[in-house]
Every structure is written in structure tokens, then in C-alpha cells.
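Scope of the values below: all heavy atoms of this structure, side chains included, with no hydrogens, waters or symmetry mates.
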Amino acid sequence: MNALARATGLWNYIDKEIADYADLLLAESVTSEELGGITFHREQIEALNTLLSGENLILSAPTSFGKSLLVDALLASGKYRRVAIILPTIALLDEFRRRLRRRFQDKFELVMHPEERAAGADVIFLGTQERLLNRDDIGTLDLTVVDEFYKLDPRRKDERNVALNAAVRRLLLKSRQFFFLGPNIDDVTVTVEGRWKFQFLKTRFSTVAVDIYDLGEVEDKEARLYEELRQERNWPSLVFVSSPDRANMLAGTAADKFKVSHTADEMATWMRENYGDKWPLIAVVNNGFAVHHARIPRSLASQMVRLFNAKTLPVLFCTSTLIEGVNTAAKTVMIYDKKISRANFDFFTFSNIKGRAGRLGEHRVGQVYLFNPPPPPQETEVAPTLFDDEENASDDYLVFLDEVDLSKDTNARISVISNELGLSRDELRIASSVGLETAARIRHQVLQSLHNSSLLIWSGYPDYNQIEEVVRVICQVKSARDFGAYSDKQLTFLISALRGAQKIKDFMLNYNSSYKGDPEAYDGIFKFLRACEYGLPQVISLVALFASKRDDSVNYDLFVRELSRWFRNEALRSLEEEGIPIQVAERFVKNNDSKKTLTKRLEQAVLGESGLLSDFERNWLAYALDLKLT
């Protein structure tokens, strides 16, 4: 077995206890003691050699390749002092943060939240594209890492694509070296030669095997799904579906039919006490099923993944939010739907979903159940906007470039837009966050409102009528459902209720007691809370920008800042992103707490066995804070 591992390049499978001299020598030579004795495989070493020689690298490799381990190896090398890492989701951000803090907290300062500032020379800036695009303390970088780099291609129809390309371009101009990583890419297109040189390494090298079972001909697919989910041999099972509504519906039906765990009652009880008893997900969790999609609170979603990996919740229904990089210990992946929202997914996305089956060191042979025919194989080419000629770029992207970087023609394009919207170049970047076409329609509605009343003319904290008018203007252009509400009236009410609630727990329990809608739509409230963080603040800022052109006393900054953090201490929302539920943290928060001081108080409560924490909450926080309980 050791000889086979050596010959195939799976050097991490060499058993050092019984290896002969040659195999042992090879394994020891590719083992990192700085990373706790991890042994690399052949393809990882090839990638590392390229990077440590100073070259830029774009790596395309399967999910089970161990791409994130290469980032850790670079950080452990001592060659890089200032590093920026762009990640597409908060969930992946938290996963990286947890791993990097565990391995490098004594070596690097980790800066993740907008309110945190870099103080030392050795620092890792960790963030989504929106956060890193707006930081002003980055300075010169030794290395820029971009995970899931295929999202740079505008053809993937990701609404955050513009911000991603703009953020990456900004970082690359400050960085000595870059490393892009992602799965299942066949080629990278560069239109402008020589702008950024790089090596492209494409590999299908995988550290786990996968058995595929085709159930496409089964007549009653839903019945077969539940039949397979009953089987413990398939656990932990990840069930991929097209949308949050589908995940909720199928998980609810499964929970009505059978139970897969008898150890999840504490989780269900906690949810009932902190969110109310009308949320259907509580009964789902009580019977051992987890759900992961964009309408689940972040700390709860993190806990779902943790309990899934621990097999407390051995079946997890998920959408594409879990496919984008978050690691799970799934033995089995059941691809039940063939769509994301209403559109069929392509072969690239199918390959990413399939790649979630199996895990190195735990499930060396994964299982994939196909309930529909897979998409036809096709090569995936990534064409990042920042690697293309500016003439071909969208106006939304061009506004982020400096005038000196634009040609005469593209400068003229931006000047026309600037004149039409009545905005400066810097102000166009604010407009671009919602899309320039949308911004033009917002401007029209603002001008109409100002013609009819002065309700948009305010600063500081608005009254109810002023909020209502801002929301009405926005909902003339965008649907209230985009922000988790049925109408502009309800959206206004929710904003006001959130502002008036003493605690998030009070807000949720009040919502629960008054909720009379369909049970399946209960979790729309979490879409509203997400919109308050990102979505609503951007468009409200744009309304303020256009209103200020009429009256320069207009200033919504305070309201926008407070809305984006749910009218709470910023530390609460920051810690919620790190897996600590606000309902728990707000028991301990004090006026003017920073994230650092609140974290310290939570650590003391966990280790000191505070009476304000249940045993379940103490274990939850110990995991989130990376503490060891005696």
C-alpha cells in the first residue's frame, strides 16, 4: 500500500509507522511540522514549488485536493508578512478565520471586520470583496489570495461580480504575488497580454474516490430519497436542492416521516426559546435534520454544519450556499434537483456539488446519488473582467478605475454617465454598488418625491414617516421581497420594529407572536435581517446622495450605519459572523464594548461556568471561541 501511495503521488497516505526507508524518506521530506505534521501529496508540492519560487499561480483542482492547505503552507513559510485573502461568503470567511487563528494567532494579526484596523507588520486581511474593496489600511501586500476565482467571470451572472473584479484589481496593484484557487476550471482567458503574468495549473488529482449511483429512472424520486436517507450507511448525507423553499419543504416532509437522531433536542429547544415556536425548522431539527441556505442566521448555520459533521444532525438539506467552499464531512451527496433557482445548473456546478462527497482521512470513498441526468460534459473557461480589455468591461466596473487607467473612449463613457446622474466619479462608485441602471431609476423616484414633499430632507435619525418615504421610493424601483418583506409598508414596519427592540431576542419573539403567514414563509424575517446588513444600506445611501443634491443638509450616514448592524453594538454582529448567536452575546454586552472586550468577557463566562449560559450554549461558545472545556 505504501508503494502504491508513493507511485501514485498520494504521499499523504504513506503509513510512516510501517514504511520502508525509501517511502519514509519521501513522506518525511514533504511533511510540514509547522502545520502539525501534515504530509502533502505530489500535486500540492508542485503548486507550492511554483508559489515559493515567487511566481503567480492560478490553480484549478477538485474539492478534495486540499487547496486551502496550500495557503496555510505559504503562511507558515515565513516568506509572507502582509497577506490579503478574498473569500466569497461569510460562512467560508468564518471557516478560514477559525483555521488561521488556530494555526497562526501567535504569528499574524488577523483583520476581518470593517471596524478592525491593522496595527502590526505581520497581518492577514480576510474579507469578502465588498469589505476589502473599501479598506484604506491595506498598504503594500506580499501576497493576494482569491478563493473560488471562477466568480471573476461576469458570464456566471453573479451580482457581486463587479465588486469582486474591482477588489481583486485593487489588491493586485498593491501585491508582489497572487494565488487564485478554485475547482474544475479548464482554462483562463487573458485578453491584455502581460498585465499580470501567471502560471496556470490544472489538475484532476483527487485524494478521495467517488461511487456514483444513477437513480434517474426511478419513478417516485421523493419516496426513494427518503428511503436512502433512512439508511445509516449513507450518513452523513448532504441533499442538494434548488432553493431555500425546496430545502424547507423536503426537510419538513422528511421530519414528518421519520427521525434520524435522538440527540438534537437541545438544539431544537434553544431555537424555540430564542426564535419562537412557529418556525417549522424547529421540528425539523428536533428529528435530526439540518438545513443550510441564505435564510438561516449565520451563527445557526455554522452550528448546523458543526452538528452535521459530528453526526448529531446526520442529514443536511442545502442549496448552493454550502457548495461554495465550506468544508463538510459528508460521506454521501444526493443531488436531488438539477436547478439553482429556476435555471438548470451547468456541468461545472454539477462537478462542484459532486465533489462534496467524501473527505480525506474520514470518508476515503464518497457516494453520489443522482436523481436526474447530469449535464453534458463541457470545458469551463474563466474570463475575468480584470484580465480583459477595458473597452469590453461594464460601466459598473469602469467607475472603479482611475482616470489614468482608462482610454479616451472609456473615459468618455464614464463622463456621460456622470453627467446624466449628476454624480462625481467617486459618487458613481456608490451608485455602482446597486447598479448604474438601477441608480438612474432611483434618481428619478427621488426627484419625484422631492417635487411632492420634503420627507427625504433629513439627517441623523428619521421619524417613521421619513423612513416610510425612503422605503416607498426604493420600492418603486426594487421589490420589497428583495429585502424580505411583502410590501413597502411591511418593510417600513420591520425597520422601525428592529430599531425599537431592546434585544434581538425580543424582536424575534415579537415577530413570532404576531406572525400569521404561511409556515413555509416564516424565515423571510432572516432575509430581511440580511438585507439590513447588505442591500438596504447601499440603496438608502444612494437615496441620500441624490437628495443631498437638492439640499446639502441631507445626511443619512448615522441611520445607515446603525441599520447595517441592526441598531446594536457592532461587536454583536461581528461575533454572530463568527458563530456566536446574538441572543447569547447580548446578555453580556456593555456600552462601548469592542469586539475584543466582549470576546474576553464571553471567554471568561465559558471557562468560569457562568450561570447565564446553559451547558448547550457553553459548548456552542467553546467551539466558536476555540476554547477547551475541562
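If you check the side chains of Glu520 and Asn248, you find no donor sitting under 3.5 Å from an acceptor.
In this structure, Arg233 places its CZ atom where more than 12 heavy-atom neighbours from other residues, nucleotides or ligands lie under 6.0 Å away.
Separating the CD atom in Glu115 from the CE atom in Met112 is a distance of 9.5 Å, to the nearest 0.5 Å. Annotation: the span from Asp593 atom CG to Leu575 atom CG amounts to 9.5 Å, rounded to 0.5 Å. Separation of atoms OH (Tyr534) and OG1 (Thr128) is listed at 8.5 Å; rounding is to 0.5 Å.
Both tests hold for Arg499 against Tyr461: distance to the six-membered ring centre under 6.0 Å, angle to the ring axis within 45°.
Under 4.0 Å is where a charged nitrogen must lie from a carboxylate oxygen, and between Arg98 and Glu578 no such pair does.
Between Phe528 and Tyr511, the distance separating the two ring centers is not shorter than 6.0 angstrom. Ring to ring, Phe289 and Phe258 are close: their centroids are under 6.0 angstrom apart.
A donor-acceptor contact shorter than 3.5 Å is absent between the side chain of Arg102 and the backbone of Asp626.
Taking the six-membered ring for Trp and thresholds of 30 and 60 degrees, Phe526 and Trp279 have ring planes inclined between 30 and 60 degrees apart.
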Evaluate side chain to side chain contact (heavy atoms under 4.5 Å, CB included) for Asp94 paired with Ile90, printing each intermediate quantity in order.
-> CA-CA 6 Å; Asp94 183 50; Ile90 299 294; 5.5 Å; no
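The two atoms that bring Pro183 and Phe348 nearest to each other are O-CE1, 3.0 Å, heavy atoms only.
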